[in-house]
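Notes follow the structure.
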Amino acid sequence: MSIPGLFQRTAARLQTMKSPTARRLRLTLFCDFDGPLVDVSERYYGTYQAALQYTQQIYAQQGIPIPLKYLGKDQFWQMKRQRVSDIEIAMQSGLQEEQIAFFLDHVRTIVNDESLLHLDKMQGGVNWSLALLHSYGVKLVLVTLREEQQVRKMLDQYGLKRLFSGIYGSDDRHTAYVNNVDVKTALLKEAIAEQGELSDQWLMVGDTEADIIAAKNMNIPAIAVTCGIRDTAYLETYQPDHYCSDLLSVAHFLAERYGHSPKPQGHHYCLSSILT
């Protein structure tokens, strides 16, 4: 399809949803930050490189040379998405024994440091995705393990904070990296209590097992997006209710399934068709 045709089709879809006869979706969508909205792959890879270099330097000062084997970005990110342990990643990079513990400790120390946050970027099509969800009448609430002030700052930079009815994040910058399920469940519970309109159906969208488990703990459907830090094969082991490639495909899925069709049964896969 040509670019003009693509935008004509999209504009027509938006116009339909905005028309007086369009059905408003009675949905509250609790959405994770890293993964659905933000691509963290450059920051995680930059953290990996910086921590390896620092480990090598510190041991060199002690007269212990470390012949490092840096993984390429694609290999590193594939391993992260497949949930390969950080210990295995460290071993494949040339570290041994206590060097691994030193490396991992430094990774946890710097991964959410202000000096590396600039490597994060919004996923492609996020602005359009959020606009579509708003045009459908979906209430958006952010529930994230990221430090809340970091999230608010980034949303301000992109002019997106106004689109969310609530933002629920951690007060500890280290929580996101360890992907704490209990903290995620507690945040989701708080968000539902304060933002979950009783007239709406509630759903959770995220890219990790913490999102899926938290949704199951709160008895709401979980939509797993596969554009983040876990791949489809790994997410399948946690049995989310639906799979989507990204937030834009989530918007399309919600419009098609909840706007015009009966409630979904079983698993559902959806792919973005425009502006990915």
Side-chain angles (χ1 to χ4, degrees), residues 32-124 126 144-158 169-184 206-211 226-231 233-235:
D32 188 25
F33 187 64
D34 292 344
L37 272 70
V38 179
D39 178 356
V40 300
S41 61
E42 286 295 334
R43 174 162 58 90
Y44 275 40
Y45 186 61
T47 300
Y48 159 79
Q49 291 178 303
L52 275 183
Q53 184 179 35
Y54 181 73
T55 301
Q56 186 181 51
Q57 290 174 347
I58 294 300
Y59 274 86
Q61 292 172 7
Q62 302 171 21
I64 305 173
I66 302 177
L68 294 176
K69 297 177 288 187
Y70 284 87
L71 302 176
K73 163 71 182 302
D74 290 344
Q75 182 183 6
F76 169 82
W77 192 238
Q78 181 181 14
M79 293 175 74
K80 294 293 289 185
R81 282 173 48 78
Q82 292 174 346
R83 202 62 165 96
V84 174
S85 72
D86 290 339
I87 293 175
E88 178 65 24
I89 290 173
M91 290 175 62
Q92 291 198 27
S93 301
L95 301 180
Q96 301 176 13
E97 300 176 351
E98 72 275 1
Q99 300 167 1
I100 295 174
F102 183 89
F103 163 77
L104 295 180
D105 184 64
H106 193 61
V107 166
R108 287 187 287 268
T109 299
I110 68 172
V111 66
N112 285 295
D113 190 80
E114 292 287 344
S115 63
L116 290 169
L117 292 179
H118 70 280
L119 296 174
D120 286 350
K121 62 181 180 180
M122 287 292 172
Q123 297 278 19
V126 162
T144 175
L145 292 175
R146 279 279 288 273
E147 186 180 31
E148 187 172 320
Q149 291 308 311
Q150 290 181 355
V151 174
R152 291 181 179 275
K153 181 178 180 180
M154 189 170 185
L155 290 175
D156 273 335
Q157 290 174 346
Y158 285 87
S170 171
D171 57 4
D172 182 350
R173 68 172 51 189
H174 301 295
T175 304
Y177 188 75
V178 297
N179 202 32
N180 190 298
V181 173
D182 291 337
V183 175
K184 189 70 178 229
D207 68 319
T208 74
E209 61 277 9
D211 302 304
T226 58
C227 60
I229 199 170
R230 302 286 185 263
D231 65 11
Y234 184 79
L235 291 171

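All residue numbers refer to positions in the sequence shown, counting from 1.
- Residues Arg83 and Arg230 meet the side-chain proximity criterion, which asks for heavy atoms closer than 4.5 Å.
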Check your understanding: Stepwise, does the side-chain contact (heavy atoms from CB on, under 4.5 Å) test hold for Phe33 with Glu148?
Key -> CA-CA 10 Å; Phe33 187 64; Glu148 187 172 320; over 6 Å; no

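- Between the CG atom in Asp120 and the OH atom in Tyr44 there is a gap of 8.5 Å [rounded to 0.5 Å].
- For the residue pair Leu117 and Arg146, the shortest heavy atom distance occurs at CD2-NH2, 4.0 Å.
- Note that the CD atom of Gln92 and the CE atom of Met79 stand 4.0 Å from one another [nearest 0.5 Å].
- Crowding of Glu98 atom CD: a count of heavy atoms from other residues, nucleotides or ligands under 6.0 Å exceeding 12.
- In this structure, the separation between CG on Leu95 and CD on Gln56 is 9.0 Å, given to the nearest 0.5 Å.
- For the residue pair Gln61 / Gln57, no side-chain donor-acceptor distance below 3.5 Å is found, with atom types taken as modelled.
- Closest non-hydrogen pair, Gly206 versus Asp211, comes out as CA-OD2, 3.4 Å.
- At least one side-chain heavy atom of Gln53 sits less than 4.5 Å from a side-chain heavy atom of Tyr70.
- The shortest distance between side-chain heavy atoms of Ile229 and Trp77 falls below 4.5 Å.
- Proximity of a side-chain donor or acceptor of Arg43 to a complementary backbone N or O of His118 within less than 3.5 Å is not detected.
- In this structure, CD1 on Ile66 lies 9.0 Å from CG on Leu52, to the nearest 0.5 angstrom.
- At least one donor-acceptor pair closer than 3.5 Å links the side chain of Gln150 to the backbone N or O of Asn112.
- The closest side-chain heavy-atom distance from Asp86 to Val107 is not below 4.5 Å.
- Considering only heavy atoms from C-beta on, Asp39 comes within 4.5 Å of Gln123 through its side chain.
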Practice item. Let me see the working for Val38 and Met122 under side-chain contact (heavy atoms from CB on, under 4.5 Å), right down to the final yes or no. Key: CA-CA 4 Å; Val38 179; Met122 287 292 172; 4.0 Å; yes

Exercise for review: Please test Ile64 against Gln99 for side-chain contact (heavy atoms from CB on, under 4.5 Å), starting from the C-alpha separation and ending with a verdict.
Suggested key: CA-CA 10 Å; Ile64 305 173; Gln99 300 167 1; 4.2 Å; yes

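- What you find for Gly46 and Leu119 is that their closest heavy atoms are CA-CD1, 4.4 Å.
- When all heavy atoms of Tyr158 and Lys121 are compared, the pair lying nearest together is OH-CA, 4.2 Å.
- Residues Ile89 and Lys80 come closest through the heavy atom pair CD1-CD, 3.7 Å.
- When the options Asp32, Thr208, Thr144 are evaluated for a side-chain hydrogen bond (donor to acceptor under 3.5 Å, both in side chains) with Lys184, the one that passes is Asp32.
- Here the closest non-hydrogen pair linking Ile110 and Ala51 is CD1-N, 4.3 Å.
- Using cut-offs of 30° and 60° for the angle between ring planes, the Tyr54 and His106 rings count as parallel.
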Practice item. Start with the C-alpha gap between Leu71 and Ser93, add the side-chain angles, then the distance that decides, and say whether side-chain contact (heavy atoms from CB on, under 4.5 Å) holds. Key: CA-CA 7 Å; Leu71 302 176; Ser93 301; 3.9 Å; yes

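- Here the CD atom belonging to Glu114 is positioned 4.5 Å from the NZ atom belonging to Lys153, to the nearest 0.5 angstrom.
- Residue Ile87 places its CD1 atom among 12 or fewer non-hydrogen atoms of other residues, nucleotides or ligands, all under 6.0 Å distant.
- The line from CD of Glu147 to CZ of Arg152 is 12.0 Å long, rounded to the nearest 0.5 Å.
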